Amino acid sequence: DIKGFAFDLDGVIADTARFHGEAWHQTADEVGTTWTPELAEGLKGISRMASLQMILDAGDHADDFSQADKEALAEKKNHHYQQLISTLTEDDILPGMKDLIQSAKAAGYTMSVASASKNAPMILDHLGLTKYFVGIVDPATLTKGKPDPEIFVRAAEVLHLNPENVIGLEDSAAGIVSINGAGETSLAIGNADVLSGADLNFESTSEVTLANIEAKMQ
Ligand code: G6P
Ligand code: MG
């Protein structure tokens with residue numbers, strides 16, 4: 001039975017996936033990569049440097065950039081992103097997610113955060129949600145990012161739970177693969193065609209209530 005939840009952050013708890021997209025779109029324009037919906041979707045859940053590499057590869061200019069160039073581009077994107085999220089408040093919690101987190105806590109579930117973002121602790125503070133989580137996996141300590149299972153394996157360890165007792169929540173295809181690889185139950189939020197590998201599918205965060213999750217698990 002389920003005893004805990006491992007939450008992705010961007011696009012699951014916080015309405016920040018669009019800001020990552022906006023900032024990466026500017027990077028793509030700068031390096032001459034055509035920005036497409038498919039590229040935007042594929043970048044979700046992917047670490048900062050791996051995202052940049054995907055953008056360079058998509059533009060076929062990967063060889064034109066030195067390591068120093070790449071670090072400068074990633075730094076510039078992060079600066080832009082941090083400007084976009086500097087005014088985040090509780091109002092930027094996605095619909096229903098505060099209710100879910102509060103009701104899960106009240107019902108005795110434990111929760112951790114499995115985000116690839118180095119900005120996650122700051123965002124959770126802005127949203128006033130830090131106190132609900134027993135821990136946040138530090139992505140700087142991972143050897144591999146999503147879709148590798150490592151981050152969700154670690155998120156279960158933070159909870160002191162076996163993976164089979166954990167539901168992982170994700171809005172990205174890479175994240176669903178990671179949850180499944182970790183042996184947890186995968187709960188996808190978004191387009192079910194894109195997130196077809198998930199155990200449970202929800203169209204939007206507002207449908208992800210504790211009652212709906214428990215009903216689908218039966
Ligand atoms: C999350 C987002 C990605 C982002 C990654 C790294 O997984 O979904 O879009 O690239 O975090 O975020 P960071 O804030 O460390 O650049
Ligand atoms: Mg996400």
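Everything quoted here is computed from the prediction, not taken from an experiment. In each ligand, atom 1 is the first atom listed, and ligand 1 is the first ligand listed. For reference, positions follow the sequence shown, starting with 1.
- Of all the atoms in ligand 1, the ones that sit under 4.0 Å from a non-hydrogen atom of Gly45 are 2 (C), 3 (C), 7 (O), 8 (O).
- Aromatic rings of Phe19 and Tyr81 (six-membered ring for Trp) have centroids beyond the 6.0 Å cut-off, not under it.
- Asp15 places no side-chain N or O within 3.5 Å of a backbone atom of Ile93 that could act as its donor or acceptor partner.
- Remark: ligand 1 and Asp8 share no N or O pair separated by less than 3.5 Å (distance only, no angle test).
- Asn212 and Thr209 share a side-chain donor-acceptor pair at under 3.5 Å.
- Formation of a donor-acceptor pair under 3.5 Å by the Gln26 side chain with backbone atoms of Lys77 is not found in this model.
- Taking the six-membered ring for Trp and thresholds of 30 and 60 degrees, His25 and Trp35 have nearly parallel ring planes, at less than 30 degrees apart.
- Side-chain atoms of Asp92 come within 3.5 Å of backbone N or O of Thr89 as a donor-acceptor pair.
- Checked for salt-bridge contact, Glu170 and Lys146 meet the test: a charged N lies under 4.0 Å from a carboxylate O.
- Any N or O atom pair closer than 3.5 Å counts here, and Asn119 shares at least one such pair with ligand 1.
- Here the protein contributes Asp8 OD2, Asp10 O, Asp171 OD1 as N, O or S atoms under 2.8 Å from the Mg ion (ligand 2).
- With a 4.0 Å heavy-atom cut-off, ligand 1 is reached by the backbone of Ile46 but not by any atom from C-beta on.
- Just one residue in the list Asp29, Ile46, Ile55 forms a side-chain contact (heavy atoms from CB on, under 4.5 Å) with Trp24, and that residue is Ile55.
- At the shortest separation from atom 9 (O) of ligand 1 among protein heavy atoms lies His20 CG, 3.6 Å.
- Residue Ser51 places a heavy atom less than 4.0 Å from ligand 1.
- Scanning all heavy atoms of the two residues, the minimum distance from Ala188 to Leu195 falls at CB-CB, 3.7 Å.
- With hydrogens left out, the protein atom closest to atom 2 (C) of ligand 1 is Asp10 OD2, 3.5 Å, a heavy atom.
- Both the sub-6.0 Å distance and the 45° axial angle are satisfied by Lys216 relative to the ring of Phe202.
- With 3.5 Å as the limit, one finds no donor-acceptor pair spanning the side chains of Ser117 and Ser115.
- At under 3.5 Å, a nitrogen or oxygen of Lys118, whether backbone or side chain, sits near a nitrogen or oxygen of ligand 1.
- Residue Ser115 has no nitrogen or oxygen atom sitting less than 3.5 Å from a nitrogen or oxygen atom of ligand 1, judged on distance alone.
- With respect to atom 16 (O) of ligand 1, the closest heavy atom belonging to the protein is Arg48 NE, 2.7 Å.
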